[in-house]
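All remarks here apply to the structure that follows.
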Amino acid sequence: MEPRIETLKEKKLVGMHIRMSLADNQTFALWSGFGPRRREVKALNTDLFSLQVFPLSYDFHRFDPQASFEKWAAAEVASFDDVPEGMDTLVLPEGLYAVFIHKGPASEGERTFRYIFHTWLPSSGYMLDNRPHFELLGAKYKNNEPDSEEEVWIPIRSLE
């Protein structure tokens with residue numbers, strides 16, 4: 001599972017967010033709130049972003065399921081001129097990303113993330129960068145279906 005390395009251009013996102021941890025996973029509640037309202041967002045396309053903003057103190061090497069982060073359900077927009085009531089904005093900054101394809105149900109995502117952080121990243125010549133991590137849920141995404149596909153975008157920078 002080799003990633004493609006890509007420079008992401010800045011994106012403007014509109015959506016909803018919640019503070020959570022892996023132990024207190026609120027992803028379903030977040031998407032249950034955003035999903036029915038996503039058509040209110042004047043999105044550039046049908047792709048959705050499941051995005052995580054981790055604090056500087058988040059330790060990816062020492063797994064702590066209680067560590068909190070901000071989770072977003074969002075769509076890309078051209079501008080922030082028309083943000084629906086009860087939704088917020090986020091600028092996804094430009095930067096280098098390793099992009100992996102997760103195939104299979106979202107519930108099996110742990111194996112993909114384990115590979116990324118425990119196998120690929122330590123020997124890649126890159127390190128994590130302090131920008132949002134996200135999954136791009138495009139046309140091939142089917143949630144918990146066995147033939148579902150999503151892109152996993154991990155922010156990186158060169159060790160050199």
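Between P3 and S124, every side-chain heavy-atom pair lies at or beyond the 4.5 Å cut-off. Within the 4.5 Å cutoff, side-chain heavy atoms of L56 are placed close to those of N130. At least one side-chain heavy atom of S50 sits under 4.5 Å from a side-chain heavy atom of L137. With a 4.5 Å cut-off on side-chain heavy atoms, L96 and I5 count as touching. In this structure, the side chains of R157 and M127 come closer than 4.5 Å at one or more pairs of heavy atoms. Using a 4.5 Å cut-off on side-chain heavy atoms (C-beta onward), K12 and E76 make no contact. In this structure, the side chains of V41 and P84 come closer than 4.5 Å at one or more pairs of heavy atoms.
For the pair S32 and P36, the tightest heavy-atom approach, listed with the atom from each and the gap, is O-CD, 3.0 Å. Annotation for W120 and A98: closest pair CH2-CB, 3.6 Å, computed over non-hydrogen atoms. The heavy-atom pair separating I116 from V152 by the smallest distance is CD1-CG1, 3.9 Å. Closest non-hydrogen pair, Q66 versus S21, comes out as O-CB, 3.5 Å.
Between the side chain of H118 and the backbone N or O of L121, no donor-acceptor pair lies under 3.5 Å. A distance-only check finds no donor-acceptor pair linking the side chain of S148 to the backbone of N144 [under 3.5 Å]. Side chain of S123 to main chain of T119: a donor-acceptor pair is present (N/O by atom type, distance under 3.5 Å, no hydrogens or angles).
The side-chain contact (heavy atoms from CB on, under 4.5 Å) search around T27 returns M20, N25, W31, K71, not counting sequence neighbours. Residues satisfying the salt bridge (Lys or Arg N to Asp or Glu O under 4.0 Å) test with R19, not counting sequence neighbours, are none. For R131, the salt bridge (Lys or Arg N to Asp or Glu O under 4.0 Å) criterion is met by D129, not counting sequence neighbours. Under the salt bridge (Lys or Arg N to Asp or Glu O under 4.0 Å) criterion, K142 pairs with D147, not counting sequence neighbours.
Grouping Ile, Leu, Val, Met, Phe, Trp and Tyr by side-chain contacts under 4.5 Å, direct or through others, puts F134 with L8, L13, F49, L51, V53, W72, L90, L92, Y97, V99, L136, W153.
Between H133 and F60, the ring planes lie parallel to each other; the angle is under 30°, not in the 30° to 60° tilted range. A tilted orientation is assigned to the rings of F69 and F54, their planes being inclined by 30° to 60°.
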Problem - Step-by-step side chain to side chain contact (heavy atoms under 4.5 Å, CB included) determination, F80 to V91 - result: CA-CA 10 Å; F80 294 141; V91 173; 3.8 Å; yes
Problem - Steps toward side chain to side chain contact (heavy atoms under 4.5 Å, CB included) verdict (Y126, I154) - result: CA-CA 11 Å; Y126 296 98; I154 305 297; over 6 Å; no
Exercise for the section: For E85 and E40, run side chain to side chain contact (heavy atoms under 4.5 Å, CB included): C-alpha distance rounded to whole Å, both residues' side-chain angles, the deciding distance at 0.1 Å, then the answer. Expected result: CA-CA 9 Å; E85 181 82 24; E40 295 175 39; over 6 Å; no
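In this structure, a donor-acceptor pair under 3.5 Å is present between the side chains of D24 and Q26.
Atom NE2 of H102 sits about 9.5 Å away from atom CD of E149, to the nearest 0.5 Å. E2 contributes atom CD, which lies 13.0 Å from atom CD1 of I101 (distance to the nearest 0.5 angstrom). Atom CD of E108 is separated from atom NZ of K103 by 14.0 Å, given to the nearest 0.5 angstrom. To the nearest 0.5 Å, the span separating CZ on F100 from CD on E150 amounts to 13.5 Å. Within the model, atoms CG of L48 and CZ of R38 stand 5.0 Å from one another, a figure rounded to the nearest 0.5 Å.
Heavy atoms of other residues, nucleotides or ligands lying less than 6.0 angstrom from CD of E10 number more than 12.
Salt bridge annotation for R4-E151: present, with a cationic side-chain nitrogen under 4.0 angstrom from a carboxylate oxygen.
Every pair passing salt bridge (charged side-chain N to carboxylate O under 4.0 Å, His left out) that includes a residue from residues 49-61 is listed here, sequence neighbours excluded: D59-R62.
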